[in-house]
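Structure record follows, encoded as structure tokens.
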Amino acid sequence: MSLDAAGWVAEARRCPSPNRDARADGVATELLVVHNISLPPYRYGGPGVEQLFTNTLDPAEHPYYATIHQLRVSAHFFIRRNGELVQFVPVTERAWHAGVSSWCGRERCNDFSLGVELEGCDFEPFTDAQYRTLIALARLLKERLGLAGMTGHEHIAPGRKTDPGPYFDWARLRRLVDLPAE
């Protein structure tokens with residue numbers, strides 16, 4: 001994988017999200033936050049996640065969409081079950097993925113992190129293709145940006161978030177990516 005000067009991964013399909021803003025001057029990107037998402041819940045392969053992150057989710061398309069269509073959220077990356085990498089926000093900008101959060105005593109993780117969403121849920125394993133893409137992406141981002149750690153949404157927002165969940169294989173990720181992980 002490669003990263004261009006504007007912060008886009010060449011191998012990712014671009015799907016720009018308006019739900020982003022500039023990082024504060026001098027704030028380094030230090031953390032990779034792993035999430036999971038499926039829209040509608042527990043269904044894979046559809047356009048729901050991309051629609052949510054681009055503010056085009058139709059509230060009439062599914063009852064759950066009526067409860068979330070007004071959200072303005074995004075992540076830098078989305079990894080589908082087949083390993084396809086989609087990028088919504090360049091790594092040079094802040095995506096709105098972590099919400100109220102804290103890592104190593106620092107609040108507002110969006111300010112210094114990158115968010116990667118895995119297509120999935122808390123109740124089943126992720127695919128080998130997803131791990132292969134995530135590992136390649138994490139290695140690239142560590143090399144190019146000097147990341148200091150990786151963690152789950154559940155760890156930076158305990159009690160509020162549960163993803164990526166108990167089926168996420170942290171040991172596998174730690175073994176193959178030289179970054180502290182929790």
Side-chain angles (χ1 to χ4, degrees), residues 1-4 7-20 32-91 93-99 110 113-141 150-157 160-173 176-177 181:
M1 283 193 189
S2 60
L3 184 66
D4 71 22
W8 295 96
V9 172
E11 294 78 5
R13 180 168 54 82
R14 289 186 194 182
C15 185
S17 172
N19 303 326
R20 64 188 197 201
L32 184 65
V33 179
V34 180
H35 305 260
N36 77 47
I37 191 169
S38 57
L39 291 175
Y42 318 115
R43 292 195 207 155
Y44 308 137
V49 173
E50 292 181 26
Q51 291 171 348
L52 176 66
F53 290 173
T54 58
N55 303 337
T56 60
L57 193 63
D58 180 357
E61 190 173 320
H62 187 276
Y64 184 69
Y65 293 178
T67 68
I68 65 166
H69 77 278
Q70 77 288 350
L71 296 176
R72 296 300 176 249
V73 295
S74 61
H76 292 87
F77 301 99
F78 177 49
I79 303 175
R80 291 198 169 271
R81 303 292 286 180
N82 65 3
E84 178 191 14
L85 181 63
V86 181
Q87 187 171 1
F88 296 95
V89 176
V91 300
E93 296 182 27
R94 182 171 57 181
W96 305 343
H97 63 96
N110 284 342
S113 71
L114 299 173
V116 59
E117 296 273 2
L118 300 177
E119 187 173 39
C121 67
D122 291 3
F123 309 111
E124 64 183 327
F126 299 94
T127 68
D128 285 338
Q130 287 177 298
Y131 283 108
R132 283 191 299 273
T133 300
L134 177 60
I135 289 163
L137 179 63
R139 286 175 172 168
L140 170 71
L141 297 173
M150 55 188 169
T151 194
H153 202 189
E154 64 194 323
H155 302 119
I156 63 169
R160 188 174 70 81
K161 294 296 181 176
T162 59
D163 56 311
Y167 286 94
F168 185 76
D169 191 348
W170 284 107
R172 180 178 185 177
L173 193 60
L176 297 168
V177 179

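Any value given below was found using the heavy atoms of this structure, including those in side chains, with hydrogens, waters and symmetry copies removed.
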| query | Got L114 and L141 here, is their nearest side-chain heavy-atom distance under 4.5 Å? | reply | yes
| query | How far apart are the closest heavy atoms of A75 and F88, and which atoms are they? | reply | O-CB, 3.2 Å
| Within the side chain of R81, is there an N or O that forms a donor-acceptor pair under 3.5 Å with the backbone of E119? | yes
| query | For F53, does its backbone N or O pair with a side-chain atom of S17 as donor and acceptor, under 3.5 Å? | reply | yes
| query | Sub-3.5 Å donor-acceptor pair from the side chain of H153 to the main-chain atoms of T162, do we have one? | reply | no
| field | Test side-chain contact (heavy atoms from CB on, under 4.5 Å) applied to L3 and L140, step by step | value | CA-CA 8 Å; L3 184 66; L140 170 71; 4.2 Å; yes
| request: Check the angle between the aromatic planes of F126 and F168 and answer parallel, tilted or perpendicular using the 30° and 60° thresholds. | output: perpendicular
| task | Report yes or no: do H76 and H97 form a side-chain donor-acceptor pair below 3.5 Å? | result | no
| message | side-chain contact (heavy atoms from CB on, under 4.5 Å), that's the test. Do V33 and I156 meet it? Break it down for me. | response | CA-CA 9 Å; V33 179; I156 63 169; 3.8 Å; yes
| message | Given 3.5 Å as the limit, does a donor-acceptor pair link the side chain of Y131 with the main chain of D169, or not? | response | yes
| task | Decide yes or no for E154 and P164: does some side-chain heavy atom of the first lie under 4.5 Å from some side-chain heavy atom of the second? | result | yes
| remark: Between L71 and N55 the two heavy atoms that sit nearest each other are O-OD1, 3.9 Å
| Do Q130 side-chain atoms and T127 backbone N/O form a donor-acceptor pair below 3.5 Å? | yes
| request: Measure the shortest side-chain to side-chain distance between M1 and L137 over non-hydrogen atoms and say whether it is less than 4.5 angstrom. | output: yes
| Do Q87 side-chain atoms and V9 backbone N/O form a donor-acceptor pair below 3.5 Å? | yes
| query | Is the shortest heavy-atom distance from the side chain of L85 to the side chain of R13 under 4.5 Å? | reply | no
| said: Rounded at 0.5 Å granularity, tell me how far CG in N36 sits from CD1 in I79. | reply: 12.0 Å
| note | Between the CD1 atom in I68 and the CG atom in L57, the distance rounded to the nearest 0.5 Å is 5.0 Å
| Test of ring centre spacing under 6.0 Å for H155 and W170 | yes
| field | Under 3.5 Å donor-acceptor, H69 side chain and D58 backbone | value | no
| task | Find the distance between OG (S38) and CZ (F123) and round it off to the nearest 0.5 Å. | result | 10.0 Å
| message | Regarding E117 and R80, does a basic nitrogen lie under 4.0 Å from an acidic carboxylate oxygen? | response | no
| said: Would you say the ring centers of Y42 and Y64 fall short of 6.0 Å from each other? | reply: no
| request: Keeping the roles fixed (side chain from T133, backbone from A129), state whether a donor-acceptor pair exists under 3.5 Å. | output: yes
| Backbone N or O of R72 within a donor-acceptor pair of the N19 side chain at under 3.5 Å? | no
| said: For L118 versus F78, what's the shortest heavy-atom pair and its separation? | reply: C-CE1, 4.4 Å
| said: Show the nearest heavy-atom pair for residues S74 and V89, with the distance to one decimal. | reply: OG-CG2, 3.9 Å
| Donor-acceptor pair, E61 side chain versus G48 backbone, under 3.5 Å? | no
| What pair of heavy atoms forms the shortest contact from T54 to P16, and how long is it? | CG2-O, 3.6 Å
| query | Where is the tightest heavy-atom contact between Y65 and L39, given as atom of each residue plus distance? | reply | OH-C, 3.3 Å
